[in-house]
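In this text, all values refer to a predicted model and were calculated from it rather than measured experimentally. Order of appearance sets the numbers: ligands from 1, and atoms from 1 within every ligand.
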Amino acid sequence: MDKISIVVPCFNEEENIPLFYEKIKEIMEGINAELELLFVDDGSSDKTLEIIKEYQKSDGAVRYVSFSRNFGKEAAMYAGLRETTGNYVAIMDADLQDPPELLKEMYETLLTKEYDCVATKRKTRKGEPIIRSLFARLFYKIINKMSKTEIVSGARDYRLMTRQMVDSILQLSEYNRFSKGIFSWVGFKTKWISYDNRKRARGKSKWNFWKLFAYSVDGITAFSTVPLVLSALMGMLFCFLAFIMIIFIIVKTCIYGDPVSGWPSTICVILFVSGVQLFFLGVFGQYMSKAYLEIKNRPIYIIKEKNTDKK
Ligand code: UDP
Ligand code: MG
């Protein structure tokens with residue numbers, strides 16, 4: 001019999017876990033496969049871990065990994081994938097924003113062997129703050145222009161994958177993880193299904209605008225080096241402009257002499273060019289800091305305790 005592992009990253013989800021658990025149990029009754037329900041407690045400070053342990057006592061399908069502190073959802077997903085043993089693996093948020101009832105359809109699609117992965121995306125960004133949705137759209141435009149890896153707009157992390165695809169994902173052990181890119185980078189045939197945006201069952205989202213902004217910068221630097229090329233191109237353009245200007249000034253001085261003038265335009269040029277320089281110094285800095293973190297080779301997460309089948 002097939003075994004479906006569901007990875008559930010949880011950060012302070014005490015209110016949602018019971019709802020989530022009941023729902024999953026109900027859904028799995030309609031699916032003819034064994035279940036491994038793997039909760040990853042991402043350093044929660046509420047009762048999340050206690051509740052998971054309670055379920056684990058009475059239910060043999062429940063497994064957990066608990067981090068020593070909050071390492072972020074990316075780290076939680078990675079840890080979860082590493083600890084799973086099922087031949088099909090799903091990732092699902094604990095807040096029921098990822099409709100569990102799609103799981104049956106996803107599983108049946110993979111059973112046909114035609115696809116390696118069934119992924120989900122949101123139909124619309126309805127219910128999202130306008131500014132956030134504006135920036136999100138912009139982000140997908142930019143990253144898809146800059147990166148060869150396709151990042152699907154509105155894609156969720158919610159998906160069901162074959163063991164082969166999961167093992168491939170685990171080979172990418174980079175520190176700066178951007179899963180939406182990694183899922184696409186490893187390839188395999190993916191079927192997309194879309195659904196209407198849902199509200200979180202309980203509690204608040206852990207993401208705010210600036211966290212999302214930083215995450216999008218991570219995404220771009222992780223999957224594209226185009227910003228670096230851009231800075232070189234800008235540099236070349238300005239060298240060219242400077243060259244033309246120098247010739248122009250020499251010729252002008254020879255013909256008309258050099259009455260003292262042009263102070264404001266000089267300042268403007270200096271300000272503009274140093275602005276461009278600083279901006280691209282910042283871009284370099286981004287890549288350098290990422291490389292620095294990567295070289296340090298720190299673990300992506302630290303497990304405090306766990307109860308999984310993986311040796
Ligand atoms: N999450 C996590 N670590 C974090 C932040 C979030 O494991 O540092 C989990 C969270 O518990 C939830 C999922 O990631 O199951 C998605 O988080 P959230 O609902 O806050 O994000 P949104 O749905 O607003 O994108
Ligand atoms: Mg959510």
Side-chain angles (χ1 to χ4, degrees), residues 5-24 37-52 55 62-84 89-100 102-103 119-129 131-133 135-137 139-140 151-159 175-180 183 194-216 218-219 300-304 306:
S5 301
I6 304 179
V7 173
V8 193
C10 306
F11 179 48
N12 294 340
E13 300 282 8
E14 59 180 6
E15 291 173 303
N16 284 318
I17 288 174
L19 301 173
F20 177 83
Y21 177 81
E22 294 305 328
K23 189 83 199 170
I24 285 293
L37 193 53
L38 204 150
F39 291 100
V40 183
D41 164 38
D42 185 10
S44 302
S45 53
D46 64 359
K47 292 208 165 58
T48 297
L49 184 61
E50 275 110 304
I51 294 172
I52 296 169
Y55 283 115
V62 176
R63 298 280 178 277
Y64 65 85
V65 175
S66 177
F67 287 174
S68 60
R69 65 167 169 85
N70 178 244
F71 281 88
K73 188 185 175 190
E74 287 288 342
M77 288 193 289
Y78 182 61
L81 292 180
R82 272 181 74 166
E83 298 292 335
T84 55
V89 180
I91 298 175
M92 221 187 271
D93 285 359
D95 56 8
L96 290 172
Q97 273 188 308
D98 299 332
L102 290 180
L103 202 62
T120 60
K121 59 180 180 184
R122 295 187 294 185
K123 271 192 200 136
T124 58
R125 297 191 167 276
K126 227 170 34 200
E128 207 181 47
I131 299 276
R132 188 197 266 207
S133 113
F135 272 88
R137 269 179 242 263
F139 164 71
Y140 284 106
I151 316 282
V152 175
S153 176
R156 305 271 313 167
D157 292 322
Y158 180 30
R159 53 183 59 224
Y175 184 82
N176 295 292
R177 301 189 73 75
F178 182 66
S179 283
K180 289 186 175 69
F183 293 144
S194 39
Y195 61 87
D196 282 319
N197 207 5
R198 290 202 179 174
K199 283 219 163 68
R200 206 176 214 284
R202 302 268 166 83
K204 274 219 278 278
S205 168
K206 274 93 201 167
W207 295 86
N208 58 34
F209 181 79
W210 289 111
K211 266 195 181 168
L212 278 173
F213 183 74
Y215 187 56
S216 65
D218 281 351
I300 296 168
Y301 55 85
I302 289 171
I303 293 179
K304 190 171 169 207
K306 70 171 186 176

SB check R63 E83 (cutoff 4.0 Å)
no
With the threshold set at 4.0 Å, does a side-chain nitrogen-carboxylate oxygen contact exist between R200 and E15?
no
Nearest-0.5 Å distance, CG of residue D98 to OH of residue Y195
4.0 Å
For the Mg ion (ligand 2), protein N, O or S atoms at a distance below 2.8 Å amount to 2
So which protein residues pack against ligand 1 under 4.0 Å, heavy atoms counted?
P9, C10, F11, E13, D42, N70, G72, K73, D93, A94, D95, Q97, R200, S205, K206, W207
Partners passing ring-ring contact (aromatic ring centres under 6.0 Å, His included) against Y140 (at least two apart in sequence or in another chain)
none
Before you tell me yes or no, could you show the steps for S179 and E74 under side chain to side chain donor-acceptor pair (under 3.5 Å), namely the whole-Å CA-CA distance, both residues' side-chain angles and the distance that decides it to 0.1 Å?
CA-CA 7 Å; S179 283; E74 287 288 342; 2.6 Å; yes
I need the F67 CZ to I303 CD1 distance, nearest 0.5 Å.
6.5 Å
Answer yes or no: is there a side-chain heavy-atom contact under 4.5 Å between L37 and F20?
yes
Run the ring-ring contact (aromatic ring centres under 6.0 Å, His included) test against F139 and tell me which residues pass, sequence neighbours left out.
none
Name the one of V65, V62, V40 that satisfies side chain to side chain contact (heavy atoms under 4.5 Å, CB included) with I52?
V62
